[in-house]
Number of protein chains: 2
Amino acid sequence: MTELEEYIKSYFGVKQTDLEHIVSLFKETTLKKDEYFLKTGQSCNKLSFIKSGFLRIYVTQEDKEITQWISTTGYFVTDLSSLIFETPTRWNIQALTDTELYTISKEDYQKIGNLISQWHQLEKLFIARCFTILEDRIFSHLSMTAEERYQFFFNHNKELFNQVPLQYIASMLGMTPETFSRIRKKQLS
Amino acid sequence: MTELEEYIKSYFGVKQTDLEHIVSLFKETTLKKDEYFLKTGQSCNKLSFIKSGFLRIYVTQEDKEITQWISTTGYFVTDLSSLIFETPTRWNIQALTDTELYTISKEDYQKIGNLISQWHQLEKLFIARCFTILEDRIFSHLSMTAEERYQFFFNHNKELFNQVPLQYIASMLGMTPETFSRIRKKQLS
DNA sequence: AAGCGCTCTTGATAAAAATCAAGAAATTAA
DNA sequence: TTAATTTCTTGATTTTTATCAAGAGCGCTT
């Protein structure tokens, strides 16, 4: 679980004994391609760190799917709102490829707070970071055209473009696959 | 400061002595119309609860202004990212009307954590709530047309429509004032 | 290798939204 | 109250994006 340790250490700088304790609560799990991590209506009862693979967060709305995000190696996946407030989730989270995860249950996750004094502080920082990412995303919708959103996302996530179906990236950027394809053609030439 | 007390009590359910302590750290402040709460590039060093009035959060970009949000009575105003990570803010926050606030400095705010054991836990919940709101907003951009966003926002924030310039609401919903005006005309008839 | 399903591309067309420009309407100031 | 300023509306036009439809490319399976 070196990657997970590295992540927690670098982001949260907890001391070694706490770090080991936290990491020990995560178990290795896997998902086969197309299996679900979470389904609409369920309450999210786990948090996972992605060791390898891709997961797509989406909803189905009137016969079409809207992809909210694609998560991959080195990031966490969960439904924060559902995990924290114990509400039913709106999202489906499905594996786009075979996926390896380090997973902690909600119960164990909640226990950490009792064992490590600064945990809520760290959690706060983690959620605040997620908040900041969303804030940037909203701003991109208020201030950029589809083409600009494409360009910006491409510059920051080149790898993704040859590893997952492009239609999902189109959706998460708020455009149709056709528009995505036309913009892409322009950028390539 | 009854409103502020009510808010903290109902959202965070802290015990009475803690509640009084927290509230005592807030000071009454005011802003005249058009004065700034925060300006682009500054580090946000305060958190305020709005007693009365309206504040607009916006940025200037290539000669035009993009409004990110309008905050009003009964809500908090700050730049969370800047407050927590001590980074320079991208936003301007300006009073749209004369405004009364209950304001706590970053220093005092940070002190609460040392004095009230569950504070970070409560902070976490607060930020998670903000996260959820942004998540909904992104989803509205991925799944709704300008007209649908108008309708949805109108249904949930009717009051705002006759209290602040509509161009700002247009901008925060991601459309031009002209488009906003045309949609509005349709909805009125 | 042929057939199937899925993804991506392309073209034609329609719809949505932005832009530009002018003028009302409403607010604020003199 | 009138003038000045700001905000909102309207129309004409352009640009952007979505929709619809068809076909190309590609990997899988058998």
Side-chain angles (χ1 to χ4, degrees), chain A residues 32-35 54 56 58 60-67 70 94-98 138-154 158 160-189, chain B residues 32-35 53-54 56 58 60-67 70 94-99 138-154 158 160-189:
Chain A
K32 292 261 170 241
K33 180 169 165 18
D34 295 335
E35 283 181 351
F54 297 91
R56 177 170 74 108
Y58 72 96
T60 303
Q61 199 178 58
E62 295 146 23
D63 82 344
K64 61 182 171 188
E65 292 178 347
I66 296 162
T67 296
I70 296 165
Q94 190 182 28
L96 289 175
T97 60
D98 290 355
I138 288 178
F139 191 66
S140 81
H141 280 278
L142 296 183
S143 67
M144 296 182 189
T145 62
E147 192 164 336
E148 289 166 333
R149 289 199 302 278
Y150 174 99
Q151 196 58 59
F152 189 85
F153 189 78
F154 180 76
K158 282 198 181 55
L160 209 57
F161 282 66
N162 40 34
Q163 298 190 274
V164 302
L166 298 176
Q167 54 181 313
Y168 300 144
I169 301 178
S171 179
M172 66 178 271
L173 294 177
M175 65 188 84
T176 61
E178 293 94 333
T179 296
F180 185 94
S181 174
R182 292 189 176 100
I183 291 172
R184 184 163 174 255
K185 190 180 174 185
K186 256 203 259 179
Q187 303 293 346
L188 289 176
S189 60
Chain B
K32 293 260 169 242
K33 180 166 166 18
D34 296 334
E35 282 181 352
F54 297 91
R56 177 170 73 107
Y58 73 95
T60 303
Q61 200 178 59
E62 294 147 23
D63 82 346
K64 61 182 170 188
E65 292 178 348
I66 297 162
T67 296
I70 295 164
Q94 189 182 29
L96 289 175
T97 60
D98 290 356
T99 300
I138 288 177
F139 190 66
S140 79
H141 280 277
L142 297 183
S143 67
M144 296 182 189
T145 62
E147 192 163 338
E148 289 165 334
R149 288 199 302 279
Y150 173 99
Q151 196 59 58
F152 189 85
F153 189 77
F154 179 76
K158 283 197 181 56
L160 209 57
F161 282 66
N162 40 33
Q163 299 190 274
V164 302
L166 299 175
Q167 56 181 312
Y168 300 144
I169 300 178
S171 178
M172 67 179 270
L173 293 177
M175 65 188 84
T176 60
E178 293 93 333
T179 296
F180 185 94
S181 174
R182 291 189 177 99
I183 291 171
R184 184 163 175 254
K185 190 181 175 186
K186 258 203 259 182
Q187 303 293 345
L188 290 178
S189 60

For A/Glu148, all residues meeting salt bridge (Lys or Arg N to Asp or Glu O under 4.0 Å), sequence neighbours excluded: none

Calculate the interatomic distance between B/Gln187 atom CD and D/dC8 atom P; express it in whole Å. 17 Å

For residues 174-181 of chain B, dump all side-chain donor-acceptor pairs below 3.5 Å to protein atoms at least two apart in sequence or in another chain.
residue	atom	partner	partner atom	Å
B/Thr176	OG1	B/Thr179	N	3.2
B/Thr176	OG1	B/Thr179	OG1	3.1

Using 0.5 Å steps for rounding, measure from the CD atom of B/Glu35 to the CG atom of B/Leu96. 13.0 Å

Distance in Å, B/Leu173 CG paired with B/Phe153 CZ, rounded so as to fall on 0.5 Å steps: 6.0 Å

Summarise how protein sits on nucleotides 15-20 of chain D as a single string, 5' to 3': B when a protein heavy atom is under 4.0 Å from the base, S for sugar-phosphate-only contact, - for no contact. --SSBB

Spatial distance of atom CD (B/Gln163) from atom CD1 (B/Ile70) [nearest 0.5 Å]: 11.0 Å

Between the two ends of the helix from C/dA1-D/dT30 to C/dA30-D/dT1, what is the bend in degrees, rounded to 10 degrees, where each end axis spans five pairs? 40°

By side chain to side chain donor-acceptor pair (under 3.5 Å) - contacts of B/Glu65 (at least two apart): B/Arg56

Give me the first and last nucleotide of DNA chain C, going 5' to 3', that has any atom under 4.0 Å from a heavy atom of chain A. C/dT7 to C/dA12

Length of the line joining B/Lys185:NZ and D/dT9:P, which is rounded to integer Å: 10 Å

Evaluate whether atom CZ of A/Phe152 has more than 12 neighbouring non-hydrogen atoms of other residues, nucleotides or ligands under 6.0 angstrom away. no

Give the intermediate values and the outcome of side chain to side chain contact (heavy atoms under 4.5 Å, CB included) for residues B/Phe154 and B/Ile169. CA-CA 10 Å; B/Phe154 179 76; B/Ile169 300 178; over 6 Å; no

Measure the CD-CD distance between B/Glu147 and B/Gln187 for me, rounded to the nearest 0.5 Å. 5.5 Å

Kindly compute the distance separating CD (A/Gln167) from OG1 (A/Thr67), expressed to the nearest 0.5 Å. 8.0 Å

